[in-house]
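To start, the structure itself, in structure tokens.
Bear in mind that the values here come from a model prediction, so they are computed numbers and not experimental data. Nothing fancy with the numbering, it's 1 onward along the sequence.
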Amino acid sequence: MKKHAALDKIRNIGIIAHIDAGKTTTTERILYYAGKTYKIGEVNEGTAVMDWMVQEQERGITITAAATTCIWKDYYINIIDTPGHVDFTVEVERSLKILDGAVVVFCGVGGVEPQSETVWRQADRYNVPKIAFVNKMDRTGSDLWGTIDQMHKRLAANAAAIQVPYGKEDGFRGMVDLVNNKLAVYKDDKGKELEIIDIPEDLKAEVDHHRQELLEKLSEVDDHILELYLHNKEITPQILKDSIRKAVIANKFTPVLCGSSFKNKGVQLLLDAVGDYLPSPADVPPIKGINPETGASEEIEASDKSHFCALCFKVAIDPFVGRLNYVRVYSGTLSSGKYIYNAAKNVKERVAKLLRMHANHQEIIEHAFAGDIVAVVGLKETKTGDTLCEEDNQMLIEAIHFPEPVIQEAIEPKTKNDQEKLGMALHRLADEDPSFRVIYNQETGQTVISGMGQLHLEVMADRILREFNVQVQVGVPEVAYRETITRKVNATGKFIQQSGGRGQYGHVVIEMEPQDGPGKGITFVNKIKGGAIPQEYIPSVKDGIFATAKSGILSGYPVTDINVTLVDGSFHDVDSSELAFKMAAGIALSEGLRKAHSILLEPIMDMEIAVPEEYMGVVIGDLSSRRAKILSINPRANIRAIKCNVPLAEIFNYATILRSLTQGRASYTMEPSYYHEVPLYISEKIVSGYSSSGAKRN
């Protein structure tokens, strides 16, 4: 393969779509027609080159974004095939951050499906130009024009067809090119024999109609086309092609192509469109960064001659070469054996080896240039989102935005011997996948894993077993409730023991009151006067208060948001000790909690749900049944954004519930907000359940 391409001939593209729209099948055909593979891989047979993970082959879905490179005509195309399942949306997120263009694949039967909306919004957020490919035109019920209509309504896209299908469903044989006014007909099953002929007379009326639609859509964003169109002047194929390219790069227009990847039709013309319409690294605006020394914003010019600058967008562990850092080179040259600087971590890193990736296969290269996407071996500290540059010319590119995990489960090894191996496995997986989080909950004694959905966590548990040979049990985590008081009280604690010889004596009087605001924890104030308790015992009193507060009297949850004042007490010259005063303080706190009628608090989450208007009623109704407090409902493009506060206990597995309520078309984000009193009827259930189990929390 050619080692270096001119910048204007490079295309860095992603294949993005809803699950089962045909992304991986399309990518497999691209590799076949570009001569990268000599046998067509099939997803349903588990032979797809891009779906190389065991879990991908077993489930028939893409789980991790796979990178490859091919050459089509004189274009050098770096391709990232992304997952379509919403649980692995982080792979789409990080890919779009570093790509220059995207091919959005739609199912000709399903049209604009739920995850199509999500990936489209992700591409819009990163201002990535797009072309659309309506796949499965050979299937019964396929409808190119219905799909384009849905793109207008659901995605607010300025889209128009640049191809018209020739034949319907089983009779799909090719497509009319509206740009060149030619008909492309496939002559063989493998799609290699493509005949370009004039448009038959019986199709000309339909073709003219759709070409007018294309010109009208382009006229909305291109004044030159508008002028030619209004004055009925000739619009040549080259003028039309230049106009489409300009509008696509400006992200003002989406050309729509059609085909059937599985039946080997339309992929070569899609590759032509990638070269003709999607931008090269030189066409997109320079990426912006911050100079860490001055804090000033600077632009990074895409050029081999500029200072080196790259972004690490993915970390993967290879069983043979170890840790791989996938990087997009924005400027300058990267060479194996050289030292580079991680501006995010302030460390020097050595590039041991450079690899051009083809899914999980590797090609060793010596140099990478501006516009390249490569894998680096040897980086020890670099993680996803870190900027790599020269130490003398430092730059920080904005880190990648990752969505917050929406589901969590407790995990533990089946045997104690696997505890250490599990910790290492979780650390490695969290390093690879920023949307996978691991937290050890001191209050419940659980290791809690968080992810983007049930399937995400299932795959992680499966990888722990297969890759690290650790058998695990996965359960449901507990809600971390809190306990507090509602009124001011005085309480006394005495610890007196006499067992012959020296005894134990401690006596304290405390005053307890609620804090003047939430989130302040426990404060301790010493107001002892006149030596009622010697000064050396005061720290023991404080230790006793805080130790007892770790486990309240209602259900063993930690006590919070109280102010404890030590006001009085007494001591014995011989029997008093640090232990006695620590025990007495704990007794006083427990008595005070009973006298003050302590209550349980529950974590309340700030939640924002993006939902299409037709599902708003059912979502709000469901939220009401979950004790949610609706704060606002705001229009946003073609959706509604519902902001609310909702108890965490009510929204475990909410991702699955929301998908079922909205056919997968809604999404949400949430984060902890504050603690609030648990309703009495729920508090009674929690307390009675704790009492009957005889449990104790640490």
Side-chain angles (χ1 to χ4, degrees), residues 14-29 42-44 48 50-51 56 59-63 81-89 91-92 102-124 130-157 159-161 163-165 167-172 175 254-267 270 453 455 610-615 638-639 655-656 658-667:
I15 312 290
I16 61 175
H18 182 87
I19 189 169
D20 205 31
K23 295 176 306 305
T24 302
T25 302
T26 302
T27 309
E28 294 293 325
R29 286 352 182 236
E42 299 292 0
V43 174
N44 55 3
M50 302 303 280
D51 284 350
E56 293 178 317
R59 297 168 190 264
I61 62 170
T62 303
I63 290 171
D81 175 35
T82 65
H85 197 287
V86 66
D87 283 16
F88 308 105
T89 188
E91 295 287 338
V92 184
V103 176
V104 188
V105 181
F106 296 96
C107 171
V109 180
V112 177
E113 297 172 280
Q115 188 67 2
S116 310
E117 296 182 56
T118 303
V119 297
W120 192 275
R121 287 198 291 261
Q122 287 174 301
D124 280 346
K130 302 170 283 291
I131 62 176
F133 180 66
V134 179
N135 192 23
K136 304 188 181 182
M137 292 304 298
D138 61 306
R139 293 264 299 271
T140 302
S142 59
D143 183 2
L144 172 65
W145 313 114
T147 301
I148 293 174
D149 188 51
Q150 289 178 18
M151 290 175 68
H152 295 157
K153 290 176 179 175
R154 291 190 181 181
L155 306 176
Q163 292 177 348
V164 175
K168 285 188 69 176
E169 300 173 351
D170 285 348
F172 178 68
M175 56 283 298
T254 304
V256 183
L257 297 91
C258 62
S260 171
S261 298
F262 185 67
K263 292 293 180 68
N264 311 311
K265 293 178 175 64
V267 177
L270 174 62
L455 180 60
V611 58
E613 194 164 358
E614 59 261 42
Y615 297 106
N638 50 344
I639 59 170
T656 307
L658 185 64
R659 284 174 209 159
S660 67
L661 289 174
T662 63
Q663 297 182 10
R665 289 181 58 197
S667 60

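- Across all their heavy atoms, I16 and A102 have their closest contact at CD1-CB, 4.1 Å.
- Of all heavy-atom pairs spanning N135 and S261, the tightest one is OD1-N, 2.9 Å.
- Across every non-hydrogen atom of F133 and G266, the tightest pair is CE1-O, 4.1 Å.
- At a threshold of 4.5 Å between non-hydrogen side-chain atoms, the residues I131 and L270 count as touching.
- Here CH2 of W145 is found 12.0 Å from CG of D149. Values are rounded to the nearest 0.5 Å.
- The side-chain heavy atoms of V256 and Q163, taken from C-beta on, include no pair separated by under 4.5 Å.
- Scanning both residues, A17 and V105, for their nearest heavy atoms gives CB-O, 2.9 Å.
- A 4.5 Å side-chain heavy-atom check between K263 and F172 finds every atom pair outside the cut-off.
- No side-chain heavy atom of K136 sits under 4.5 Å from any side-chain heavy atom of S142.
- Listed here is the closest heavy atom pair of T147 and C107: OG1-O, 4.1 Å.
- Between R665 and E614, the closest side-chain pair of non-hydrogen atoms falls below 4.5 Å.
- Atom CE of M137 is separated from atom CG of L257 by 11.5 Å, given to the nearest 0.5 angstrom.
- Taking both residues in full, the closest heavy atoms of S116 and G111 are given as OG-O, 4.3 Å, listed atom of the first, atom of the second, then distance.
- Counting only heavy atoms from C-beta outward, the side chains of Y615 and L661 never approach each other to under 4.5 Å.
- Two residues are said to be in side-chain contact when any heavy atoms from C-beta on lie closer than 4.5 Å; M151 and F106 meet this criterion.
- When the options T26, T25, D138 are evaluated for a side-chain hydrogen bond (donor to acceptor under 3.5 Å, both in side chains) with S260, the one that passes is D138.
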